[in-house]
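Contents: one structure, followed by commentary.
In what follows, every heavy atom counts, from backbone to side chain, and hydrogens, waters and symmetry copies are set aside. The residues of the chain are indexed from 1 along the displayed sequence.
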Amino acid sequence: MINRAAFMTGLNQLEIREVPVPEPKASEVLVKLDYVGICGSDVHYLEHGKIGDFVVNGDFILGHECAGIIVAVGSDVKQLKAGDRVALEPGATCGKCEFCISGRYNLCPDVEFLATPPYHGCFANYIAFPAHLAFKLPDSISNKEGALIEPLSVGMHAAKQGSVTLGSSVVILGAGCIGLTALLASKAFGALDITVVDVIQKRLDKALELGATRVINAAQEDVLERISELTSGEGVDIVMETAGAVRTTQQTPHLVKRGGTIVLVGMPPQDIIEFNFAKLLSKEAEIKTVFRYRNIYPQAIKAIAEGVIDVSGIVTHEYAFEDIAEAFDVNINRKNEVVKIVVKID
């Protein structure tokens, strides 16, 4: 077996190298990866070399949205076997802290998350990974769809944090991959009125294709005025900010209904921003935040398998592993054309 990995060797620099095939530990599986998605965090690391306190030092492998086929299992692994197709949940937690014990393991301070420094990611042919984080894919789910389980889990967690339910009205600020998975999750949870906002028309067209009630191009319309008109000045039950932009974050208290919920998903480019808390307080609205997800992979897989959620339409571009540098370049420099890029490893 030959194993190659794509290393980030500097800002906006990628190089494919041959590396040893990892040996799975007793509790691990060796996975031959088939598809890996490009996430916004991968792009941010490649462009800027860091996200907050997480800094890339030295050559680094990106990628954490992945699926493939098991080729070997460790001696203690009983629930999986060679030949099983799996999606990998990329965060290995300690299992012992108060957050892990209480089921909120996404808050574990000692998590080892793929492609979060200092832990390498999965843009490679083979990866050894804990078996309990390898979720078997049924025949009805392709490996490409399996690589989308990770971003779908973020969208589902956002919908859960917002308590989306039958009849909810939702505004989603941002129509990137996470905004679109939040749209799919909100529809699956019963939301009947979903408005998606962005400045890139191709993404808005995709949102309509995936079932948004309506879209607003913020480059052409005043979002606050439009939502006020649509809701007779009342606002909506749930506002999800997925763009990670200062302006959209600041818009949330103006869009939410009295007693409603704001869900902050995107990470703004600066730590401290101005925010109208007076508007929020007068509405007795809640702010919920999202950090990855927890206990969602099995639900997400079942939702796709049963036809409740269809993630296949999110992907707009696919590249071969050899063309990964081009894939990142397109993602960075041709944003108006891209919704989601996946890389075919094998």
Do [X] and [Y] have side chains that approach each other closer than 4.5 Å (heavy atoms only, starting at C-beta)?
X	Y	result
Glu286	Gln161	no
Ile314	Leu210	yes
Pro118	Asn57	no
Asn12	Ile332	yes
His64	Ser41	yes
Ile304	Asp310	no
Asp193	Thr195	yes
Ile301	Pro298	no

### Message
Distance to the ring centre below 6.0 angstrom and angle to the axis at most 45 degrees; does that hold for Arg17 and Phe7?
### Response
yes
### Message
Within 45 degrees of the ring normal and closer than 6.0 Å to the centroid, is that where the cationic atom of Arg4 sits relative to Phe321?
### Response
no
As an exercise, state the distance from [atom1] of [X] to [atom2] of [Y], rounded to the nearest 0.5 Å.
X	Y	atom1	atom2	value
Leu133	Ser27	CG	OG	10.0 Å
Arg226	Asn217	CZ	CG	12.5 Å
Asn295	His157	CG	NE2	9.5 Å
Met240	Thr248	CE	OG1	14.5 Å
Phe60	Asp42	CZ	CG	8.5 Å
Cys39	Ile178	SG	CD1	6.0 Å

[atom1]/[X]: more than 12 non-hydrogen atoms of other groups inside 6.0 Å:
X	atom1	value
Gln270	CD	yes
Lys25	NZ	no
Lys283	NZ	yes
Asp271	CG	no
Phe54	CZ	no
Leu281	CG	yes

Which heavy-atom pair separates [X] from [Y] by the least distance, and what is that distance?
X	Y	answer
Glu318	Tyr35	OE2-OH, 3.0 Å
Phe135	Tyr297	CD1-CD2, 3.6 Å
Asp198	Ile200	OD1-N, 3.1 Å
Leu11	Gly49	CD2-N, 3.4 Å
Leu137	Gly146	CD1-CA, 3.9 Å
Val164	Phe189	O-CB, 3.8 Å

#### Entry: Worked verdict on Val31 versus Leu88 for side chain to side chain contact (heavy atoms under 4.5 Å, CB included)
CA-CA 9 Å; Val31 179; Leu88 302 184; 4.2 Å; yes
### Task
Could you check Asp34 against Arg85 for salt bridge (charged side-chain N to carboxylate O under 4.0 Å, His left out), going step by step and ending with a plain yes or no?
CA-CA 10 Å; Asp34 191 16; Arg85 295 184 307 110; over 6 Å; no
Do [X] and [Y] share a hydrophobic cluster (ILVMFWY, side-chain heavy atoms under 4.5 Å, transitive)?
X	Y	answer
Leu192	Val170	no
Val86	Leu152	no
Ile324	Leu148	no
Leu33	Leu30	no
Ile149	Ile341	no

Please answer whether the main-chain N or O of [Y] pairs with a side-chain N or O of [X] as donor and acceptor at a distance below 3.5 Å.
X	Y	result
Arg203	Val338	yes
Thr316	Val339	yes
Asp323	Glu326	no
Glu241	Gly244	yes
Lys206	Gln201	no

### Query
Does a side chain donor of either Ser168 or Asp237 reach within less than 3.5 Å of an acceptor in the other side chain?
no
### Summary
Besides Val256, the hydrophobic cluster formed by Ile, Leu, Val, Met, Phe, Trp and Tyr side chains linked at under 4.5 Å, directly or via other members, contains Val171, Leu173, Val197, Ile216, Val223, Leu224, Ile227, Leu230, Val236, Val239, Leu255, Ile262, Leu264, Phe275, Phe277, Leu280, Ile287
Does a salt bridge link [X] with [Y], judged by any charged N lying under 4.0 Å from a carboxylate O?
X	Y	value
Glu65	Lys340	yes
Asp329	Arg334	no
Asp205	Lys202	no

### side chain to side chain contact (heavy atoms under 4.5 Å, CB included) between Leu14 and Leu46, intermediate numbers included
CA-CA 9 Å; Leu14 286 168; Leu46 188 63; 4.1 Å; yes
### Task
Tell me, with the steps shown, if Tyr293 and Glu150 meet side-chain hydrogen bond (donor to acceptor under 3.5 Å, both in side chains).
CA-CA 9 Å; Tyr293 40 79; Glu150 202 277 343; 2.9 Å; yes
### Message
As a quick check of understanding, evaluate side chain to side chain contact (heavy atoms under 4.5 Å, CB included) for Val263 and Thr289, giving each step before the final call.
### Response
CA-CA 5 Å; Val263 184; Thr289 59; over 6 Å; no
### Summary
Applying ring-ring contact (aromatic ring centres under 6.0 Å, His included) to Tyr126 and not counting sequence neighbours gives none
#### Entry: Derivation of the side chain to side chain contact (heavy atoms under 4.5 Å, CB included) call for Val330 and Tyr319
CA-CA 10 Å; Val330 169; Tyr319 285 85; 3.2 Å; yes
